[in-house]
Structure formats: C-alpha cells, structure tokens
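Quick notes on the structure that follows.
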Amino acid sequence: MSQSLPVRLRRLRRTPSMRALFTEVSVTPGDLVQPYFIVPGKGQKAETRPGVGLWQLSPDMLREEVQQLAKGGVGGVMLFGVPDHKRDDGKGLDKQLAPLEAAVKEVKATAPELPLFADVCLCAYTSHGHCGLVKDGEIVNDESVRVLSEMAVLLARWGVDFVCPSDMMDGRVRAIRLALDESGLEQTAILSYAIKMASAFYGPFREAAHSAPSFGDRKSYQMPANNRREARRELLADVEEGADALLVKPAMTNLDLLRDAREATDVPLFAYQVSGEYAMMRAAGDAGLIDFERAVDESLVSIKRAGADVIVSYAARAMCRKERGWRVGQAAGTSPVVEEASSAGIAQR
Ligand code: PBG
C-alpha cells in the first residue's frame with residue numbers, strides 16, 4: 001500500500017513527453033550570439049586551440065560560416081577585431097579596423113537581417129593591451145572615451161546593428177550615443193557591457209584577440225566580483241546613459257547579479273558565457289569527467305533562467321550546425337527527441 005501524499009513532484013516527471021510539457025525554460029539557437037575573431041588576410045580559418053571554440057577568420061571566410069549559422073537560426077553574430085598592427089595614440093583606427101570593415105560588409109551581404117554586433121574596446125588595438133589609452137602609466141578615462149566613440153561611429157557607418165563597448169570606461173555609453181546621433185546613426189543600438197568583472201575567466205579570449213595587458217591588470221576599470229551594490233550602480237548608470245541592452249559577464253559566476261539586473265530594469269539583458277567558462281567545460285569533457293554537451297546545455301538554461309534574454313556563447317556555432325548530434329533547443333533534456341539522441345558522451349542521467 002502506498003502512502004497518501006498530498007504532493008508528489010515525480011508525477012509530472014514520469015515520461016519524456018510529460019517533462020517536455022512542463023519545461024519552464026529552454027534555450028534555442030535564436031537565443032544565442034556567436035563571437036568571431038576577425039584576422040587580416042585571406043583564407044584564414046582556425047580555432048586557437050582544438051575544440052576551445054574561439055574561431056579566427058579572415059573576412060572572406062565569413063560567408064560560409066554565417067550562411068550556416070543563419071540557416072541554423074542563430075540569434076546574432078558578434079565580431080572582435082584582431083588588427084595587423086598596434087597603435088597607442090588612438091589614431092588611424094580606420095586602418096586598424098580594415099579587416100573588421102570587410103567582415104561587416106561580408107556578413108551584411110550574406111545575411112542582411114542577421115543582428116550584427118561589434119566590440120568597441122582598445123585592448124586588441126594597443127601595444128599595452130589595456131582597454132583605454134595609457135598616459136604616464138595610467139589608463140585615462142575621458143580621452144579613451146573619445147577614441148571609443150570614434151570607433152563606434154566607424155563600425156556603425158559600416159553597418160553593424162549593435163556597437164558593444166566592453167572597455168568599462170565611465171561615461172562611454174552616453175558619449176557613444178551622442179556621437180552616433182550626431183553622425184546620423186540614430187538607429188544603431190548600444191549593447192553595453194554594464195557588469196563586467198575583472199575576471200580570471202577571460203584567458204582564452206586574450207589569446208585569440210592578442211589583447212592581454214602587457215603591464216598591470218584591468219582592476220582600475222573592470223569591476224570587482226565582490227560587489228553587488230556596485231554592480232547595480234554600473235547597470236543603472238548605463239541605462240541612464242542610454243544603453244539599448246545590457247550585458248553581464250562572466251555568466252556562470254554572476255547568476256545572482258543577472259537575476260538582480262532582471263529585477264532592476266526592463267531593458268533587454270545579455271549574458272556572456274565567456275571563453276574560460278566554455279574552455280573549462282570543454283577541458284573537463286575531454287578529460288572524461290563530464291558530458292561536455294550536456295554541461296553546456298545545462299549552463300545555458302541556468303543563465304537564461306537567471307534572467308538573460310540573450311546569451312553570447314561559443315556554443316552557438318556547434319548548436320546551429322548541429323555538430324556532434326547537439327540536442328538543439330532541448331537544453332533541459334526533457335523531450336523524447338532528447339532521450340533518443342542522447343547516445344554520445346558519458347551516461348549519467
Ligand atoms: C575586451 C573583452 C574581453 C572579453 C570580451 N571583451 C577580454 C578582457 O576584458 O580582457 C572577454 C570575453 C571572453 O573571455 O570570452 N575588453
């Protein structure tokens with residue numbers, strides 16, 4: 001005789017279709033934005049390290065990539081420039097950005113309606129690798145903001161839909177908005193990196209973008225992970241300055257702040273599952289410790305559940321291309337389709 005229990009949560013988890021019916025949050029390719037690193041030249045297409053998900057492409061190699069991603073329903077593509085020369089005076093940006101200009105045009109010619117995001121930051125463009133200009137060993141704010149605004153205007157002119165300041169200088173959202181509007185680019189949106197931690201999880205990115213600081217660290221402009229109230233101030237400042245969308249990063253270590261952000265404002269919210277997060281899951285998967293694909297699925301669902309509308313992730317590409325039997329859109333592992341396809345990896349249901 002079984003006991004009479006008023007609540008039996010397992011009733012709704014009994015079958016795959018039951019679980020599918022009651023899925024609260026799932027992630028589809030349309031929720032994801034795929035980053036690419038744009039290098040000069042022709043015919044270049046390589047991952048910085050096998051499986052790490054950081055793809056360096058020359059502009060001409062973007063067409064086929066983007067076609068496939070658009071076909072797979074990706075939410076957008078984000079471009080980071082890797083220039084062929086560095087400069088520390090903030091001048092000649094148009095020359096440094098030449099590969100990016102070509103890349104933007106390539107993406108727009110291939111998939112005109114695909115939302116296109118481009119990074120606005122100086123770390124990959126300067127020899128010192130800091131996100132702003134350096135004067136007497138200091139990262140100066142207001143002069144950096146002027147250069148960043150110029151960069152945003154160039155990118156917007158070439159046709160990106162979102163300029164994405166990731167530098168963490170003060171006042172740059174407002175300055176970029178003004179510069180865009182003055183240039184007749186009032187339709188270009190700003191995705192602001194509002195809460196960006198001085199984080200240990202950016203390592204693989206810096207390798208791909210050649211952007212590691214040559215002296216010191218980024219702690220005088222990126223946020224300390226310790227501070228929740230400060231994160232809220234960063235967020236609200238960017239809303240005030242006119243950000244169209246806000247971004248929190250890294251994602252996995254800031255899920256609480258994502259939830260805070262969701263509750264603090266109705267502005268669309270992005271989370272960046274950064275290079276180190278992805279690489280960590282990949283390394284653990286390669287070591288046979290976890291099922292990489294399921295770990296990525298679970299992490300993306302958690303990020304969305306915490307409050308993100310959109311996730312920038314190196315997993316977008318493989319999901320859209322349905323590589324390695326990726327269970328597209330079924331991140332929670334709840335549908336019959338998922339059960340059937342779950343042969344790869346370690347059995348640990
Ligand atoms: C540039 C920038 C960084 C990332 C995004 N934009 C690196 C950094 O601040 O050093 C990191 C993204 C990732 O790790 O995937 N400022």
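Atoms within each ligand, like the ligands themselves, are counted from 1 in listed order. The analysis underlying the following values was restricted to heavy atoms, covering all of them including side chains, and did not include hydrogens, waters or symmetry mates. Model, not experiment: these values are computed from the prediction.
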Considering only protein heavy atoms, which is closest to [atom], and at what distance to one decimal place?
| atom | answer |
| --- | --- |
| atom 14 (O) of ligand 1 | Ser275 OG, 2.7 Å |
| atom 11 (C) of ligand 1 | Lys249 NZ, 3.0 Å |
| atom 10 (O) of ligand 1 | Arg206 NE, 2.6 Å |
| atom 3 (C) of ligand 1 | Phe205 CE2, 3.3 Å |

At less than 4.0 angstrom from any non-hydrogen atom of [X], what atoms of ligand 1 do you find?
| X | value |
| --- | --- |
| Cys121 | 1 (C), 16 (N) |
| Tyr314 | 13 (C), 15 (O) |
| Tyr272 | 12 (C), 15 (O) |
| Lys196 | 1 (C), 2 (C), 3 (C), 6 (N), 8 (C), 9 (O), 16 (N) |
| Cys123 | 1 (C), 16 (N) |

As a quick check of understanding, evaluate salt bridge (Lys or Arg N to Asp or Glu O under 4.0 Å) for Glu323 and Arg317, giving each step before the final call. CA-CA 9 Å; Glu323 275 173 5; Arg317 180 178 188 275; 3.7 Å; yes
Compare every heavy atom of Val27 with every heavy atom of Asp31, then report the nearest pair and how far apart it is.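 In terms of heavy atoms, the two residues are closest at OD2-CA, 3.4 Å.
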Pair [X] + [Y]: basic N to acidic O under 4.0 Å:
| X | Y | answer |
| --- | --- | --- |
| Glu143 | Lys135 | yes |
| Glu240 | Arg174 | no |
| Glu65 | Arg321 | yes |

Step by step, would you call Phe292 with Tyr278 a ring-ring contact (aromatic ring centres under 6.0 Å, His included)? CA-CA 9 Å; Phe292 169 68; Tyr278 187 81; 5.4 Å; yes
Phe270 and Phe162 aromatic ring geometry - parallel, tilted or perpendicular at 30°/60° bounds: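 Tilted: the ring planes of Phe162 and Phe270 meet at 30° to 60°.
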Tell me, please: is Gln222 in heavy-atom contact with ligand 1, that is, under 4.0 Å?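 Gln222: in contact with ligand 1 (<4.0 Å).
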From NZ (Lys105) to CH2 (Trp158), nearest 0.5 Å: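 These two atoms lie 7.5 Å from each other.
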Mind checking whether Cys131 contacts ligand 1 via backbone (N, CA, C, O), side chain (CB onward), both or neither, at a 4.0 Å heavy-atom cut-off?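 Looking at Cys131 and ligand 1, just side chain atoms fall under 4.0 Å.
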Between Ser166 and ligand 1, find which residue part has any heavy-atom pair under 4.0 Å and reply side chain, backbone, both or neither.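 The answer is both, backbone and side chain.
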Less than 3.5 Å between some nitrogen or oxygen of Arg218 and one of ligand 1, yes or no?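 Yes, since at least one N or O of Arg218 sits under 3.5 Å from an N or O of ligand 1.
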May I ask you to check whether Ser211 has an N/O atom sitting below 3.5 Å from an N/O atom of ligand 1?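 Looking only at distances, the answer is no, because the N/O contact criterion of under 3.5 Å is not met.
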So do Cys131 and Met168 actually touch side chain to side chain, heavy atoms under 4.5 Å?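 No; the side chains remain at least 4.5 Å from each other.
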